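Here is the structure we will look at.
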Amino acid sequence: MTVLEKHEMGHPRLLSLSLLLFLLFFSSPQTSLSAPSPPTFKPPDNYLLDCGAPKTTDLPDGRTFRSDPQSSSFLSTAENVQAATSNISTNISSSPLYLTARIFPERSTYTFFISQPGRHWLRLYFYPLPHTLFNLTNAIFTVATDTTVLLHDFSIPLDSSVVFKEYLLNIVSNRFSLRFLPLKDSFAFINAIELVSAPDTLMTDTATAFSPTGEIAEFTGVSKFALEILYRLNVGGDLIVTDNDTLGRTWRPDSSFLKFAPMAQNVSISPKSVNYLPDDSNVGGHATPLIAPTLVYASAVETADSNVIDPNFNITWEFNVDPNFSYLIRMHFCDIVSKHLNDLYFNVYINEMIGISQFDLSTITSGLAVPYYQDFVVNASSISNQTVLVQVGPASEVDSGTVNAILNGLEVMKMSNSVGSLDGFFSVEGSRIIYRDPNSGISSKKRLIAVIGLIMSVGGLIMLAVVFCRWQKRPHDWEKRNSFSSWLLPLHVSHSSFMTKAGSHRNPFGSHKSKSGYSGFFSSTLGIGRCFSFAELQEATHNFDEKAVIGVGGFGKVYLGELEDKTQLAVKRGNPQSEQGINEFQTEIQMLSKLRHRHLVSLIGYCDEQSEMILVYEYMSNGPLRDHLYDSNLPPLSWKRRLEICIGAARGLHYLHTGAAQGIIHRDVKTTNILLDEKLVAKVADFGLSKAGPSLEQTHVSTAVKGSFGYLDPEYFRMQQLTEKSDVYSFGVVLFEVLCCRPAINPALPREQVNLAEWAMQRNRKGLLEKIIDPHLVGTICPASLKKFVEAAEKCLADYGVDRPSMGDVLWNLEYALQLQEAWGRVDDDDDPTEANSSKLIVMAESGSTAAAPTSTR
Ligand SMILES: *[C@@H]1O[C@H](CO)[C@@H](O)[C@H](O)[C@H]1NC(C)=O
Ligand SMILES: *[C@@H]1O[C@H](CO)[C@@H](O)[C@H](O)[C@H]1NC(C)=O
Ligand SMILES: *[C@@H]1O[C@H](CO)[C@@H](O)[C@H](O)[C@H]1NC(C)=O
């Protein structure tokens, strides 16, 4: 026993408490890194055509391309089609595919039968061979599928001879057409075509996105986009040719994209040492050999030797891109540099926006040399200088660990735009390619500039109209998510000017107005509430008396104030020094002003005089729910009361998720953020604290991890992708906290009990839950009500967001539990359950299902 314990404690994974807590989320003990059998993916569809070739062509990698006669059944075209063949042994490329071409003076279409819809690679080879009748370098043509324009008015660029295009298209029907449409009086040509199924596991539907303000959000709907692979790099390694890749891809070295080579150095291990997690591993983002071969993960670029150069800098790769498109960027990581776990922490940036902060691979993968990948979507609006910058750099905020950063592989893919094109603003309409006014295709940056221009020249009223137009205009999917900050203060010029530090009063819309005009305009038009003077609040709080402090949060202190008319207020005074505070302040105003609900704490007003940031809320006299559960002298709440409180909080969250224009994710659901008013009505508070500002990811990781450990959705942790279901998870923890009256994390307890979510789930599985519920409740709960409640809590804590119920479902279950309790009705409704210390014992489960739901509604 002692030996075992010693062994466990000595394990590097358990060295720090925070890590231990983290592991409790993931206590899946499967660490067996079985070497997966060599991947064998047999593409259901595999069309390889060497156009213009009189006979089949065998490539060195073992693949055979069909000859022209063999592929004639796919092609529909006019009669006078020419085949171009060059016998000149050109040394332009080793590939024999470039030695022949097919020329189309008329529109021509290849049509393929698709046996299995899904992502397919389409690879097109172009080389302008010499021909007696056609000068192929003059050819101008469009290439399109039934839904997507791939190339528009394309011609071979002057500075290149060979053009290779690679697409990853989601084909949804059983027929796929590839059309070649020559410009009038011109013609089209193609040397070779590959159309090959990609495995379903290759692409997921979600990615990490950056909003224009730099916030991290989840992007869903990747499958709706056609992708063009622009760059695929084996970072720190050599060229990987088609025969060495599991799926016939080519990976190029990265050195030509490195911005300052002396900062980086290559590192590699034997490919045999790469440990893929098993395919069915539940670690999100773990790579399989199909995602990328071992050769990609066995080499990396790391920061240059610290003896040579100060290692505290970023390694930067730069890629030229068309700024009118958004890009899907897949980064491949595999910690081949660390000697032990939790030694390497680094930051990942894309276009100078933080993508992953304090990235610790070994915590995610529970091992070294385990391949991992993450997808990011970079919105067109965040692309300046026609470049995408990818950077990795040491996380200097973390003082432990080695100062280093790595990247093993990188794929940059262009995403089709709003008109379904990967090249310009022409779309496929029936059989024609026509220009489409890309109203939604214009990058929001341009729209923003237009809006600012308008405001500068005209006044506030017109601006307001613009604001509303903009608000009503449906934003892109990636803007829709998490963009609650987008309309009230849509002009991010306001970032620093809203709360001017110097105390000059510029209004949030960037134009100068008198203070009074601004306030009146602001509050009356946008319903933000009352503008308090600083003196008024000073008086209400007795000059911010420390004795009046009723709470301290990340934002600052909260004081109890009283106006002359005896109205009580909660006055939250921000720390004006913190840039973060400004962002939070703005976010909270934006959020609260849009949200009115009986179960959300309402904002009464604000004060921004003298560079103060003060928010004034209704006062919740009964304080946080947590105080009524444990660590205080307050009397215990009855079961019915607890159910009512949970129902109130669930209603508030349900409204946040569904009632507002776009779903809002609270992110910090916990018992200290559920406040009770004088009638013990529950209201959700503090939405706005953890999600403002461009440096969101940074603060999020530090505040949420430190502040709300025990409530954090493990999936969010793994995937860094936030959904409403993260709130549902946290709410599940709240439910158990209400039932068991103990903190979500209690490090003083034996290891298996530290994390309440884990412990309650474990007890429940063993049928021992009643042993850990609040002793005050024993005998007072209707067993059926308890069962329903526990069921709801349990479902909230499902490992995967998709398996968790919506807040609406949770609410329904809690209401049902309340009805069951009321029908049982033998326990009085006072808040003094000690009187009800009857002899009834709780019987779990058995009687639960038989209790009929009462029909009366409340
Ligand atoms: C890293 O390896 C690549 C491919 O072998 C090579 O081209 C590049 O020069 C190397 N870079 C450094 C800094 O050694
Ligand atoms: C690439 O594949 C060829 C042929 O299968 C093989 O001989 C070669 O060793 C492979 N290269 C690497 C680096 O694995
Ligand atoms: C790394 O790059 C990011 C974004 O471009 C920047 O904010 C950060 O300061 C850089 N870190 C270092 C150490 O230069």
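Counting starts at 1 for both ligands and their atoms, following the listed order. Just so it is clear, the structure is predicted and the values come from calculations on it, not from any experiment.
Classified by interplanar angle (parallel below 30°, tilted 30° to 60°, perpendicular above 60°), the ring pair Phe225/Phe219 is tilted.
The main-chain N or O of Ser338 is never found under 3.5 Å from a side-chain atom of Asp343 such that the two would form a donor-acceptor pair.
Listed by atom number, the atoms of ligand 3 under 4.0 Å from Phe313 heavy atoms are 13 (C).
For Tyr349, every heavy-atom contact with ligand 3 shorter than 4.0 Å involves the side chain, none the backbone.
Within 4.0 Å of ligand 1, counting heavy atoms only, the contacting residues are Gly237, Asp238, Ser255, Ala264, Asn266.
In this model, no donor atom of one side chain and acceptor atom of the other lie less than 3.5 Å apart for Asp335 and Ser362.
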Full working for side-chain hydrogen bond (donor to acceptor under 3.5 Å, both in side chains) between Asp205 and Thr220: CA-CA 6 Å; Asp205 197 39; Thr220 40; 5.7 Å; no
Residue pair Met203, Leu328: steps toward the side chain to side chain contact (heavy atoms under 4.5 Å, CB included) verdict: CA-CA 11 Å; Met203 301 303 294; Leu328 180 70; 3.5 Å; yes
Derivation of the side chain to side chain contact (heavy atoms under 4.5 Å, CB included) call for Met415 and Asn417: CA-CA 6 Å; Met415 300 170 75; Asn417 62 16; over 6 Å; no
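For ligand 3, the polar-atom distance check finds an N/O of Gln391 within less than 3.5 Å of one of the ligand's N/O atoms.
A distance of 5.0 Å separates CD1 of Ile291 from CG of Leu202, quoted to the nearest 0.5 Å.
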